[in-house]
Amino acid sequence: GLPHMAMPNLDLGTLQHLAPGALAIVLIGFAEALGGAKAAALQGGGNIEPNQELIAHGPANILSGLFGGFLVVGSLSKTSVAVGAGARSQLANLVAAIFCFLTLVLLTPLFRSMPHPALAAIVIAAMLHLSKPGYLRDLFARSRWEFAIAVTVVVGELTLGVLQGIALGVALSLILLIYRTAHPQGAVLGQLPGEEAYRDVRLHPEAVTFPGLLIWRPSGDLFFASIGNLGDELKAAVSTIRPPVKHVLLDAGSVNLIDTTACDAMLNTIKEWQSQGITFSFARVRDPVREQMRLGGMEAAVGPANFHERVTDGVRAWQRTAAPEGRA
């Protein structure tokens, strides 16, 4: 039958006892819901907004709790059944809700004595629609780090428990994110023949470089965690390129942020190179980044005229001031 509405017991002691378990249920439920939604999106197309999914779960679980119902989350097995049946819109959920209502009212005696293994077999059969054994193989070919995290999570869930496995996956993902953020890669750029495009010379050996000019591009934001690694890469490029570098043009098109630590470090490097006769300029600097450079003194040290809208403009400005030396 149908449950009756009842107000929850708001005793503080009871809430304290329930909070850890409730948090675990929320984490597991949301992870399953998001996994089902992403799996369905991969098969049928569409975009998934995790925040919107979480917002939808809130009022649904509040109402379910008032009626003593189960946790309301997306289900991998139900998603698999819906996708296998050809569901394409929210109408499928409405139809499923109507049949669930009719089942609760009229058909529960038929399911009461059904063996649990039979129910388990139904769930397993339904999940086969979303099973993609080849996904791990493709993931291994695309990213060894992400493959290692996925395998670790699977092993953790099988040995430690579902919640522990998810927590392990979250922790490893955060560690990988921090490492990638703190270790962005810089690139020495060259001009593609016959074009105004500038690309990484390691990936495009045909790209043309200019003797005495280093065009360098950081691959991420400049802040306290990344400036050390990027600064070392830039200094290594300046010291190893031959003939010796006389001018550095930094392509800042991928930089959306520069904090005070990075600004001070860059300013010290610029002044050090200027004392050695190496000039410096920027290209494609975003307005918020340039404002921080102005406040940090970098614009004054380099000169406003050395901020260019395009890399090509920076190259031409250097060519007008430097003696022609040909191209390497």
Side-chain angles (χ1 to χ4, degrees), residues 47 49-51 177-192 195-204 207-210 212-238 241 245-322:
N47 297 320
E49 297 183 16
N51 289 337
L177 174 63
I178 294 172
Y179 177 83
R180 286 176 171 174
T181 304
H183 295 79
Q185 301 296 316
V188 177
L189 305 184
Q191 183 180 9
L192 296 181
E195 302 182 26
E196 289 190 357
Y198 294 82
R199 297 292 184 265
D200 188 345
V201 295
R202 292 173 298 183
L203 302 178
H204 297 270
V208 178
T209 58
F210 304 87
L213 172 65
L214 169 64
I215 308 173
W216 192 78
R217 180 184 63 202
S219 61
D221 294 333
L222 305 177
F223 64 107
F224 68 93
S226 65
I227 189 59
N229 183 71
L230 286 174
D232 291 341
E233 285 193 19
L234 179 56
K235 291 178 181 179
V238 170
I241 289 180
V245 173
K246 298 298 182 181
H247 183 81
V248 177
L249 173 60
L250 192 147
D251 178 8
S254 61
V255 178
N256 297 308
L257 166 71
I258 181 169
D259 67 0
T260 55
T261 301
C263 192
D264 292 342
M266 286 293 297
L267 179 60
N268 291 334
T269 301
I270 291 172
K271 290 181 177 179
E272 178 184 350
W273 283 341
Q274 287 176 340
S275 65
Q276 300 172 9
I278 301 175
T279 55
F280 208 95
S281 64
F282 293 92
R284 303 201 302 163
V285 181
R286 302 177 188 271
D287 291 338
V289 175
R290 182 166 181 177
E291 177 63 15
Q292 290 299 317
M293 291 181 174
R294 185 187 67 80
L295 295 174
M298 291 179 62
E299 183 178 290
V302 173
N306 287 316
F307 284 80
H308 308 284
E309 291 296 325
R310 302 179 303 165
V311 176
T312 299
D313 297 335
V315 172
R316 290 174 178 173
W318 171 77
Q319 289 174 333
R320 287 194 296 267
T321 58

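Just so it is clear, the structure is predicted and the values come from calculations on it, not from any experiment.
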For Leu249 against Ser281, the heavy-atom pair lying closest together: CD1-OG, 3.1 Å
Contacts of type side chain to side chain contact (heavy atoms under 4.5 Å, CB included), residue Leu267, not counting sequence neighbours: Lys271, Met298, Ala301
Contact check, side chains of Tyr198 and Asp251, non-hydrogen atoms, under 4.5 Å: no
Which residues share a side-chain hydrogen bond (donor to acceptor under 3.5 Å, both in side chains) with Asp259, sequence neighbours left out: none
Arg316: partners by side chain to side chain contact (heavy atoms under 4.5 Å, CB included), with sequence neighbours left out: Glu196, Arg310, Thr312, Gln319, Arg320
Under 3.5 Å donor-acceptor, Ser254 side chain and Arg217 backbone: no
Side-chain heavy-atom pair Met293, Val302 within 4.5 angstrom cut-off: no
Non-hydrogen atoms of Pro218 and Leu230 that approach each other most closely: CB-CD1, 4.1 Å
Side chain to side chain contact (heavy atoms under 4.5 Å, CB included) partners for Pro288, two or more places apart: Arg286
Under the side-chain hydrogen bond (donor to acceptor under 3.5 Å, both in side chains) test, residues paired with Glu299 that sit two or more places apart: Arg290
Parallel, tilted or perpendicular, as decided by the 30° and 60° cut-offs, for the rings of Phe210 and Trp318: perpendicular
More than 12 heavy atoms from other groups under 6.0 Å of CD on Glu195: yes
Heavy-atom pair of closest approach, residues Val285 and Phe307: CG2-CD2, 3.9 Å
Flag if over 12 foreign heavy atoms under 6.0 Å of CD, Gln276: yes
Heavy-atom closest pair, residues Arg199 and Ala207: O-CB, 4.4 Å
Thr209 (side chain) donor-acceptor with Gly190 (main chain) under 3.5 angstrom: no
Which residues share a side-chain hydrogen bond (donor to acceptor under 3.5 Å, both in side chains) with Arg180, sequence neighbours left out: none
